[in-house]
Amino acid sequence: MSDFAQHLIRWQKAHGRHNLPWQGTRDAYRIWLSEIMLQQTQVGTVIPYYLRFLERFPNLARLADAPLDEVLALWSGLGYYSRGRNLHAAARLVMERHGGAFPEYIEDIIALPGIGRSTAAAIAAFAYGAHCAILDGNVKRVLTRHFGIAGHPGAKKTETELWLLAESLLPAHQVNTYTQALMDFGATLCTRAKPRCASCPLGSSCVALATDSVARLPTSRPKKITLQKTTRMLILRHAGEILLEKRPPTGIWGGLWSLPEADMETDLAHHCRTHLGMEVATAANLPALRHSFTHFRLHIAPLLLDVTRLFPRVEQAEQLWLAPRDALSAAIPAAVRKLLQQLVALEAPG
DNA sequence: AAGGCGGGGCC
DNA sequence: GGCCCAGCCTT
């Protein structure tokens, strides 16, 4: 057995957690439930949910029998509700595929919805003592620090390396103790912030500690550069009204009424004729506007245009709307509302 | 205010 | 096969 595994197992017996509600059982259902709840959610938050859930659904068959709404009601507040849906769907699949007995083969476990490679390994190790490596956030942190592995753990290359390492470190015996050790060690000692390196039984062999890199590992995800996008927004005036266009139901501003847009390079006269059904005359450029989204910043170059001729199809098109100026109360994006307010101010006498 | 977190869905 | 998302929690 590697020194790493040996030290961890010894540490677990002395300092690990031994009284969590899902410990001391080999009931795969209870272990499965705990592993699903522990995805994305910390132990302290999970415990009351776990106990309430088990009280209502003490076994897999009772869960499979229940309506989904009741499952989700007990999940309410835990977040990531797809976990609850998948749990319920998986319970029904276990009834169908395995006659109600939670599967023992890792291939069958991982085939259930909501269970990936790491969760399947954890269930198999705790319920059946299987010789399978886990690799969750705690384990990634412990391994990257102890073995000095740089690169974002979410990146394919790093993750592949970590899986290989995790498997190579597996002890031949006491896999369940070792697996629990990795989890507890990562959660209570080798923590993300303020790890307790002074009390660490693995400190003498920790690469991060030796190179003063503990705070820099694991490598954080690369900051996404905020994309910059530019668009022209067309303010098409016609008899005191402004042309609005309904956006597609999905994506940015899905289903909202917005101003027609065009690339900066587009030939506007041609575009308006063929796409919007009107002849236009350029009136003026309006001051540029910036609008920030989560993933990018939009630079808006508004252009004021006067409609000189309107083809009849415009009034029949469902996605086009010649809106009165007071349409500002309609479902309009904030950036567009701001733009239209500027226009109103600009046109105000004086 | 930002980033972490397993797995699924989408391209 | 890479990218994004979900919802709550910690820092």
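Chain letters run A, B, ... following the sequence lines, proteins first and then strands; every chain starts at 1. Here the structure is a predicted model, which means the values were calculated and not measured.
Separating the P atom of C:dT11 from that of B:dG6 is a span of 16 Å, rounded to the nearest Å. Nucleotides C:dG7 and B:dC10 have their P atoms positioned 15 Å apart, rounded to a whole Å.
The stretch residues 133-143 of chain A comes close to DNA chain B through A:Asp136, A:Gly137, A:Arg141, each having a heavy atom under 4.0 Å from the strand.
Between the P atom of C:dA6 and the CG atom of A:Asn86 lies a distance of 15 Å, rounded to the nearest Å. What separates NZ of A:Lys194 from P of C:dT11 is a distance of 8 Å, to the nearest Å. Distance, A:Tyr49 OH to C:dC9 C1': 12 Å, rounded to whole Å. Atoms CG (A:Leu87) and C1' (B:dG8) sit 15 Å apart, rounded to a whole Å. In this structure, CD of A:Gln42 is placed 10 Å from C1' of C:dC8, rounded to the nearest angstrom. Regarding A:Arg83, its CZ atom lies at a distance of 16 Å from the P atom of B:dG9, rounded to whole Å.
Among the heavy atoms of the strands, none lies under 4.0 Å from A:Thr41. Residue contacts shown for A:Ser220 are limited to sugar-phosphate atoms, with no base heavy atom under 4.0 Å away. Contact annotation for A:Gly77: backbone-only contact, meaning every heavy-atom pair under 4.0 Å involves sugar-phosphate atoms and none involves a base. Using a 4.0 Å heavy-atom cutoff across all strands shown, A:Ile36 reaches no nucleic acid atom at all. Here A:Gln40 lies in heavy-atom contact (under 4.0 Å) with a base.
Within the structure, a side-chain polar atom (N or O) of A:Tyr81 is placed less than 4.0 Å from OP1 or OP2 of C:dC8. In this structure, A:Ser82 does not reach the B:dG7 phosphate: none of its side-chain N or O atoms is under 4.0 Å from OP1 or OP2.
With DNA chain C read from its 5' end, the first of the two nearest nucleotides for A:Gly79 and A:Arg192 is the one closest to A:Gly79. If you find the closest nucleotide of DNA chain B to A:His152 and to A:Trp163, the one lying nearer the 5' end belongs to A:His152.
One finds the CH2 atom of A:Trp163 at 5.0 Å from the CG atom of A:Leu135 (value rounded to the nearest 0.5 Å). The CG atom of A:Asn86 lies 9.0 Å from the CD atom of A:Gln39; values are rounded to the nearest 0.5 Å.
Taking every side-chain heavy atom of A:Ala193 into account, C:dT11 is the closest of C:dG2, C:dT11, B:dG6.
With hydrogens and angles left out, the side-chain atoms of A:Ser205 and A:His146 include a donor and acceptor closer than 3.5 Å.
Between A:Val43 and the options A:Met37, A:Arg17, A:Met183, a side chain to side chain contact (heavy atoms under 4.5 Å, CB included) holds for only A:Arg17.
Between A:Trp11 and A:His15, the ring planes are tilted. Angles from 30° to 60° get that label.
Using a cut-off of 4.0 Å between Lys/Arg side-chain N and Asp/Glu carboxylate O, A:Arg62 and A:Glu70 are scored as not salt-bridged.
Side-chain contact check for A:Arg145 versus A:Cys190: some heavy-atom pair is nearer than 4.5 Å.
Around atom NE2 of A:His18, more than 12 heavy atoms belonging to other residues, nucleotides or ligands sit under 6.0 Å away.
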